[in-house]
Amino acid sequence: MTKHHEPGTPTNREKELAAFKERQLRELKEFEERQKQELEQFARREEEELKELEQRQHPYEIKIDRTQFKVTEQFLTGAQLRALPSPPIGPDRDLFEVVPGGSDEKIADTQKVKMRDGLRFFTAPAQINPGLA
């Protein structure tokens, strides 16, 4: 016995196709919404970074061993900091960042330090030999 299809009523295949199209449209809308949100977040971050950069028209004022330096970079490595004084800080001395109320942090040559006004550093002998004069 064959199934009779009445004109004007959708077949199962047509219903499946309509459901598939509907699902595809819904998924496309969800994808577009996620893309839009990610783009908006990216634009906000870019705008914030640009504002920070524009506000940073003056150099950062930092100190190394009580000598003041003005730097414009947002990050400097330990090696770049060591090169600021004249003569540069040699390998016989360690470089430390002053941490108010905490333990001062030894800065490695490859370590990046975020610059900010009032940042202070000091040097100390790399090896301390007690009892030797």
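Given the structure is predicted, the values throughout are model-derived calculations rather than measurements.
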**Message:** Strictly by ring pair (Phe, Tyr, Trp, His ring centres under 6.0 Å), give each pair with a member in residues 15-37 just once, sequence neighbours left out.
**Reply:** none
**Message:** As a quick check of understanding, evaluate side chain to side chain contact (heavy atoms under 4.5 Å, CB included) for L81 and M115, giving each step before the final call.
**Reply:** CA-CA 11 Å; L81 288 165; M115 294 294 104; 4.2 Å; yes
**Request:** With sequence neighbours left out, write down each residue that passes salt bridge (charged side-chain N to carboxylate O under 4.0 Å, His left out) with K114, or none if nothing qualifies.
**Result:** E52
Please list, one pair per line, the donor and acceptor atoms closer than 3.5 Å that link side chains of residues 82-111 to other protein atoms, with sequence neighbours excluded.
residue, atom, partner, partner atom, Å
R82, NE, D109, OD1, 2.9
R82, NH1, I89, O, 3.4
R82, NH1, G90, O, 2.9
R82, NH1, R93, O, 3.2
R82, NH2, R93, O, 2.5
R93, NE, T123, OG1, 3.0
R93, NH2, T123, O, 3.2
R93, NH2, T123, OG1, 3.3
D104, OD1, V99, N, 3.0
E105, OE2, Q111, NE2, 2.8
Q111, OE1, A108, N, 3.3

**Asked** E33: what forms a side chain to side chain contact (heavy atoms under 4.5 Å, CB included) with it, not counting sequence neighbours?
**Response** K36, Q37
**Message:** Among residues at least two apart in sequence or on other chains, which ones pass side chain to side chain contact (heavy atoms under 4.5 Å, CB included) with E47?
**Reply:** K51
**Request:** Output all residues satisfying side chain to side chain contact (heavy atoms under 4.5 Å, CB included) with R45, sequence neighbours left out; order by chain, then residue number.
**Result:** Q41, F42
**Item:** Distance, nearest 0.5 Å, that separates CG of L28 from CD of Q35
**Value:** 10.5 Å
**Prompt:** Do the side chains of F122 and I62 join up, straight or via other hydrophobic residues, at under 4.5 Å, putting them in one cluster?
**Reply:** no
**Request:** Keeping to residues at least two apart or across chains, list the ring pair (Phe, Tyr, Trp, His ring centres under 6.0 Å) pairs with something in residues 62-91.
**Result:** none
**Request:** In sequence, state the C-alpha distance, the side-chain angles, and the governing distance for K63 and Q68, and then conclude on side chain to side chain contact (heavy atoms under 4.5 Å, CB included).
**Result:** CA-CA 4 Å; K63 285 187 179 180; Q68 187 165 320; 4.0 Å; yes
**Message:** The criterion is side-chain hydrogen bond (donor to acceptor under 3.5 Å, both in side chains); which residues satisfy it with Q80, sequence neighbours excluded?
**Reply:** T77
**Request:** Would you please name every residue forming a salt bridge (charged side-chain N to carboxylate O under 4.0 Å, His left out) with K70, sequence neighbours left out?
**Result:** E61
**Request:** Among Ile, Leu, Val, Met, Phe, Trp and Tyr joined by side-chain contacts under 4.5 Å, find the other residues sharing a cluster with L39 and list them by chain and number.
**Result:** none
**Request:** Tell me, please, which residues at least two apart from E27 pass side chain to side chain contact (heavy atoms under 4.5 Å, CB included).
**Result:** R23, Q24
